[in-house]
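A short worksheet on the structure shown next.
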Amino acid sequence: MYSDASYINLGYVLIQDGELKTHECNYPTHDLKLVAVVFALKIWRHYLYRQKCYIYTDHKSLKYLLAQKELNLRQWIWLELLNNYDRVIDYHPRKANVVADALS
């Protein structure tokens with residue numbers, strides 16, 4: 001966990017390192033970025049359920065996931081899980097997404 005505090009605000013980031021399964025190595029980039037979101041939601045569901053959840057990603061197309069016309073079956077299943085959360089997916093360019101880049 002990374003944390004910081006000031007007289008105005010508190011900040012923290014929960015980080016858990018996960019490994020890809022063998023079949024996940026063959027996923028396209030869009031699905032690979034989405035599986036990271038799904039993994040985090042599953043791991044931290046007890047913290048995130050019934051809370052407003054802000055998800056920051058460096059993959060712009062995830063921001064428009066709900067508006068996409070064609071999804072594969074895997075994406076539909078993940079979308080079902082995402083719909084259980086009050087979440088906002090926001091795009092942060094690579095330079096702004098420092099914590100995520102430190103992991104990769």
Side-chain angles (χ1 to χ4, degrees):
M1 177 173 72
Y2 291 90
S3 64
D4 195 10
S6 69
Y7 289 108
I8 300 170
N9 231 342
L10 296 173
Y12 56 90
V13 177
L14 294 171
I15 296 177
Q16 179 155 348
D17 191 18
E19 291 187 20
L20 286 175
K21 297 176 183 162
T22 308
H23 63 279
E24 291 172 341
C25 294
N26 298 322
Y27 286 178
T29 305
H30 180 269
D31 285 1
L32 205 53
K33 300 288 185 169
L34 189 55
V35 80
V37 171
V38 170
F39 176 80
L41 289 175
K42 285 181 179 179
I43 294 295
W44 297 326
R45 68 182 168 273
H46 50 284
Y47 295 115
L48 302 174
Y49 195 64
R50 295 188 181 180
Q51 300 291 324
K52 184 93 172 173
C53 177
Y54 295 91
I55 301 167
Y56 299 104
T57 179
D58 62 356
H59 200 66
K60 196 171 197 171
S61 69
L62 290 184
K63 182 176 179 176
Y64 307 105
L65 181 67
L66 297 174
Q68 290 182 359
K69 293 181 180 179
E70 293 184 27
L71 297 173
N72 62 37
L73 182 59
R74 180 173 49 240
Q75 292 167 343
W76 275 110
I77 292 169
W78 291 338
L79 196 58
E80 288 285 322
L81 180 114
L82 286 170
N83 285 333
N84 290 327
Y85 295 89
D86 182 14
R87 43 81 195 100
V88 175
I89 300 176
D90 232 353
Y91 169 68
H92 271 217
R94 247 176 202 253
K95 292 177 184 175
N97 204 356
V98 180
V99 176
D101 278 347
L103 293 174
S104 58

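What you see below is based on every heavy atom in this structure, not just the backbone, and it leaves out hydrogens, waters and symmetry mates.
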**Q.** Listed partners of K42 passing salt bridge (charged side-chain N to carboxylate O under 4.0 Å, His left out), at least two apart
**A.** none
Q. Do Y47 and L81 belong together in a cluster built from hydrophobic side chains that touch within less than 4.5 Å?
A. yes
Q: Give a yes or no on whether W76 and L32 share a hydrophobic cluster (residues Ile, Leu, Val, Met, Phe, Trp, Tyr; joining criterion: side-chain heavy atoms under 4.5 Å apart).
A: yes
Q) Which heavy-atom pair separates L34 from W78 by the least distance, and what is that distance? A) CD2-CE3, 3.4 Å
Q. Among all residues two or more places apart in sequence or in another chain, which pass the side-chain contact (heavy atoms from CB on, under 4.5 Å) test with D86?
A. K52
Q: Search all heavy atoms of S61 against all heavy atoms of H30 and return the closest pair with its distance.
A: OG-CD2, 2.7 Å
**Q.** Over-ring placement of K63 relative to Y91, 6.0 Å and 45° cut-offs
**A.** no
Going by atom type alone, with no hydrogens or angles, which donor-acceptor pairs under 3.5 Å involve a side-chain atom of residues 20-27 and a protein atom two or more places apart or on another chain?
residue : atom : partner : partner atom : Å
E24     : OE1  : K21     : N            : 2.9

Q: Taking E80 for its side chain and I77 for its backbone only, find out whether a donor-acceptor pair lies under 3.5 Å.
A: no
Q: Please step through side chain to side chain contact (heavy atoms under 4.5 Å, CB included) for the pair I55 and L62, ending with a clear verdict.
A: CA-CA 10 Å; I55 301 167; L62 290 184; over 6 Å; no
Q.
The criterion is salt bridge (charged side-chain N to carboxylate O under 4.0 Å, His left out); which residues satisfy it with R74, sequence neighbours excluded?
A. D31
Q. For L41, does its backbone N or O pair with a side-chain atom of Y85 as donor and acceptor, under 3.5 Å?
A. yes
**Q.** Shortest non-hydrogen contact between L48 and A40, atoms and distance
**A.** CD1-O, 4.5 Å
Q) Where is the tightest heavy-atom contact between Y49 and N84, given as atom of each residue plus distance? A) CE1-O, 3.5 Å
**Q.** Straight-line distance of K33 NZ to I89 CD1, nearest 0.5 Å
**A.** 13.5 Å
